[in-house]
Structures are given as structure tokens and as C-alpha cells.
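To keep things clear, I will list the structure first and then write my remarks on it.
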Amino acid sequence: MNHPGLLRPWKLSDLTYGLVKDFHYEVAVLPLGATEPHNLHLPYSMDTREADLVGERICEAAWNQGAKVILLPTLPYGTQTNQRGFPFALNLNPTTIFRVLEDLVESLVSQGILKIVLLNSHGGNDLKPFLREMYGKTPAHLFLCNWYTVFRDVYHQIFKHPDDHAGEMETSLALAYWPELVLRRDDGQLAADDGRTRPSRFEAVNRGWITITRPWHLLTTNAGAGYPHEATADKGRRVMEILVERLAAFLVELSQSLLDDSFPF
């Protein structure tokens with residue numbers, strides 16, 4: 001029997017039941033994205049595309065190294081309460097996301113998958129409280145990966161400018177993997193502003209002593225927070241290499257780890 005899904009047994013959306021039932025999986029990776037504007041030049045699907053891409057690359061590499069891992073379809077909506085000032089920033093409240101995730105975790109537990117990685121691609125998805133809420137309520141062991149934090153230690157070896165949203169790092173990923181979706185002006189330059197953000201009137205907020213939910217229609221000009229104009233496709237590929245190296249190794253280790261009384265220690 002010939003089936004194209006057999007080429008990617010780690011990707012659920014490509015598989016049929018006729019194939020899935022013959023595989024044993026130890027780890028499920030659930031990516032979470034968002035639907036929101038990214039300055040003037042990147043697509044609304046950017047966070048979801050990044051979640052798809054990172055998930056596919058790390059799960060493929062981990063599977064090829066022996067990990068019994070399966071990549072689930074990406075959730076395309078996230079928490080956007082502070083982007084209400086922009087059109088089609090489609091919101092799920094944090095409590096809504098928690099309930100959706102709780103149901104999905106229960107579905108996985110019912111079929112014996114007790115190692116679950118939440119691969120988060122959107123800064124507005126604050127998921128650490130979900131791990132705390134679920135601890136002791138489920139036999140599943142939950143791991144949270146905000147992939148954009150994985151390379152912090154080498155970020156400035158690759159990029160010149162910090163990136164909060166749609167800046168140099170995200171634009172580099174788009175140029176590397178979806179260049180046809182990056183909007184340019186007639187002169188070939190990015191159709192983006194400089195991603196400057198507006199400081200708060202409160203110095204304690206600017207210094208990070210006090211935290212607020214930032215209203216992005218006041219914080220930014222066009223939803224961009226980070227200078228994008230020195231982005232390159234090569235920088236995007238370098239970031240992906242680091243992500244695959246680091247996260248695939250974790251998935252292999254997680255897949256092979258015994259669920260004993262002291263797990264994960």
C-alpha cells in the first residue's frame with residue numbers, strides 16, 4: 001500500500017487512520033499561533049506560519065533521530081485583547097484558551113500520550129499559568145516552549161535590532177520561508193514603518209518595574225514593534241538551524257525518558 005503520508009509519520013494532518021494506528025507515539029507537540037497584523041509588510045498568519053514551520057522542522061529532525069513524536073495541527077487564534085484597535089486581530093481570551101487546551105490534553109491522555117509540548121508562537125499567549133492550573137489535575141506532563149526565547153543567548157550574534165513584533169527577526173524568517181508574502185514598495189524596500197514604540201508616561205513602566213497590558217494602537221504606529229529593515233533571509237535560516245538543533249534534541253530526550261516517580265527530575 002502506497003501512501004504519501006508515510007513519508008511524514010510525525011505529522012498528524014498528513015496521516016490517515018490506516019497509518020496512525022500502526023505507530024506508537026510518546027510525545028505530542030501542539031503549536032499555538034495567532035491571527036493579527038504584523039506592521040504593514042508581514043501577513044496576519046505570521047505567528048501561525050512560524051508555529052507550523054518550527055513544529056515541522058523540529059519534529060522531523062527528532063523523528064529521524066528516533067523520537068516517537070507527533071505534531072498536531074496549529075491553533076490559529078490567540079489572545080489579542082490589547083490589539084483591539086486593529087482590524088481582524090481575532091481574540092481568544094486566556095480562559096478560553098485554557099479550556100480548549102484542557103480538552104485537548106484530556107483527549108491525548110485518553111489515548112495514552114502523557115508527554116505534551118505546547119509550542120507557543122505568540123507573545124500574547126501567556127501559558128505558564130495553564131501549566132500551574134493543570135498540575136495535579138492531569139496525569140500528563142506539560143512542557144511549554146516559547147520558541148522565540150530559545151536563541152536569546154545568541155540573538156545579537158545574528159541580529160542588530162531587538163524584535164518585539166514584526167521586526168528584524170520575524171521579517172528575516174518571512175524572507176527565508178515566505179518571501180512571496182512580504183509586501184514591498186515599488187522601489188523594492190519593505191512596505192513597513194520603522195517599528196518604533198511609544199514610551200509610557202510612567203518611568204516605572206518603561207523601566208520594567210511595573211507591568212501593564214500594552215494597548216498596541218497607542219504603543220505602535222502600524223502594529224510593528226522592532227526595526228525590520230535590516231532583515232535578511234540568511235538570518236532567518238540561521239535562527240531555524242539553532243531552533244532545530246536545540247529543540248529536536250529535547251524532543252529526542254523527552255521521548256526516550258522513562259515516566260517514573262521522579263519524572264522530570
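Here the structure is a predicted model, which is why all the values come from computation and not from measurement. Below, each value reflects all heavy atoms present in this structure, side chains not excepted, and no hydrogens, waters or symmetry copies.
The shortest heavy-atom contact between A28 and L72 is CB-CD1, 4.3 Å. Residue A51 comes nearest to T74 through the heavy atom pair CB-CG2, 3.8 Å, listed as atom of the first residue, atom of the second, then distance. Taking all atoms of both residues into account, the shortest heavy-atom contact from Y155 to H161 is OH-O, 2.7 Å. Of all non-hydrogen atoms in G33 and N125, the two that sit nearest each other are O-ND2, 3.4 Å. Across all non-hydrogen atoms, the minimal contact from A34 to H122 is CB-CG, 3.5 Å. Minimum interatomic distance between D47 and S121 (heavy atoms only, all atoms of both residues): O-OG, 2.7 Å.
For Y227 and H229, the ring centers sit closer than 6.0 Å to each other.
For CG of D187, the number of neighbouring non-hydrogen atoms (other residues, nucleotides, ligands) closer than 6.0 Å is greater than 12. Other residues, nucleotides and ligands place no more than 12 heavy atoms under 6.0 Å from the CD1 atom of I210.
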| task | List the steps and the verdict of side-chain contact (heavy atoms from CB on, under 4.5 Å) for V29 and I70. | result | CA-CA 6 Å; V29 175; I70 188 162; over 6 Å; no
| task | Check the pair F86 / T220 against side-chain contact (heavy atoms from CB on, under 4.5 Å), numbers first and verdict last. | result | CA-CA 11 Å; F86 294 103; T220 70; 3.8 Å; yes
| said: As a quick check of understanding, evaluate side-chain contact (heavy atoms from CB on, under 4.5 Å) for W10 and N64, giving each step before the final call. | reply: CA-CA 10 Å; W10 43 267; N64 290 337; 5.5 Å; no
| said: With side-chain contact (heavy atoms from CB on, under 4.5 Å) as the criterion, how do L104 and L30 come out once you've worked through the C-alpha distance, each side chain's angles and the decisive distance to 0.1 Å? | reply: CA-CA 9 Å; L104 292 174; L30 174 58; 3.9 Å; yes
Validation: residues 130-146 side-chain donor-acceptor distances under 3.5 Å, sequence neighbours left out:
{"residue": "E133", "atom": "OE2", "partner": "R99", "partner atom": "NH2", "Å": "2.6"}
{"residue": "T138", "atom": "OG1", "partner": "A140", "partner atom": "N", "Å": "3.1"}
{"residue": "N146", "atom": "OD1", "partner": "N120", "partner atom": "ND2", "Å": "2.8"}

Donor-acceptor pairs under 3.5 angstrom involving side-chain atoms of residues 238-254: please list them, not counting sequence neighbours.
{"residue": "R238", "atom": "NH2", "partner": "Q157", "partner atom": "O", "Å": "3.3"}
{"residue": "R246", "atom": "NH1", "partner": "V150", "partner atom": "O", "Å": "2.8"}
{"residue": "R246", "atom": "NH1", "partner": "D153", "partner atom": "OD1", "Å": "2.8"}
{"residue": "R246", "atom": "NH2", "partner": "D153", "partner atom": "OD2", "Å": "3.1"}

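For the atom pair CG (L75) and CG (L92), the distance works out to 8.5 Å, reported to the nearest 0.5 Å. Here L190 contributes atom CG and N39 contributes atom CG; the two are 9.0 Å apart, rounded to the nearest 0.5 Å. Summarising the geometry, atom CD belonging to E230 is positioned 12.0 Å from atom CZ belonging to F159; distances are rounded to the nearest 0.5 Å. Here the straight-line distance linking atom SG of C59 with atom CG of L119 works out to 8.0 Å at 0.5 Å rounding. Between R49 atom CZ and Y44 atom OH the span is 14.5 Å, to the nearest 0.5 Å. In this structure, CD1 on I158 lies 10.0 Å from OG1 on T232, to the nearest 0.5 angstrom.
Looking at D193, its side chain does come within 3.5 Å of a backbone N or O of G195 through a donor-acceptor pair. The backbone N or O of T213 sits nowhere less than 3.5 Å from a side-chain atom of N82 that would complete a donor-acceptor pair.
Looking only at side-chain heavy atoms (C-beta outward), L175 and V182 come within less than 4.5 Å of each other. E56 is listed as a side-chain neighbour of L71, based on a closest heavy-atom distance under 4.5 Å. With a 4.5 Å cut-off on side-chain heavy atoms, E36 and F88 do not count as touching. Residues F263 and S257 form a side-chain contact, since some pair of their non-hydrogen atoms from C-beta on lies under 4.5 Å apart. Residues S255 and W63 form no side-chain contact, since every pair of their non-hydrogen atoms from C-beta on lies 4.5 Å or further apart. Using a 4.5 Å heavy-atom cutoff, the side chains of E50 and L53 are not in contact. Side-chain contact check for V105 versus E102: every heavy-atom pair is 4.5 Å or farther apart. The shortest side-chain heavy-atom distance between L118 and L32 falls under the 4.5 Å cut-off.
In this structure, D164 pairs ionically with R214, as a charged nitrogen and a carboxylate oxygen lie closer than 4.0 Å. One finds no salt bridge joining E60 and R8 here, because no Lys/Arg side-chain nitrogen approaches an Asp/Glu carboxylate oxygen to under 4.0 Å. Using a 4.0 Å cut-off between charged nitrogen and carboxylate oxygen, D194 and R196 count as a salt-bridge pair. Using a 4.0 Å cut-off between a side-chain N of Lys or Arg and a carboxylate O of Asp or Glu, K160 and E168 do not qualify as a salt bridge.
N91 is linked by a side chain to side chain contact (heavy atoms under 4.5 Å, CB included) to T79, Q80, T81, R84, N93, counting only residues two or more places apart in sequence or in another chain.
Linking Ile, Leu, Val, Met, Phe, Trp and Tyr whenever their side-chain heavy atoms come within less than 4.5 Å leaves L183 and W178 in two separate clusters. L40 and M169 are assigned to two separate hydrophobic clusters, defined by single-linkage of ILVMFWY side chains at heavy-atom distances under 4.5 Å. Cluster membership check: W216 does not share its hydrophobic cluster with F202, using side-chain heavy-atom separations under 4.5 Å among Ile, Leu, Val, Met, Phe, Trp and Tyr. Note on L259 and Y25: same hydrophobic cluster, where clusters join Ile, Leu, Val, Met, Phe, Trp and Tyr whose side-chain heavy atoms are under 4.5 Å apart, directly or indirectly.
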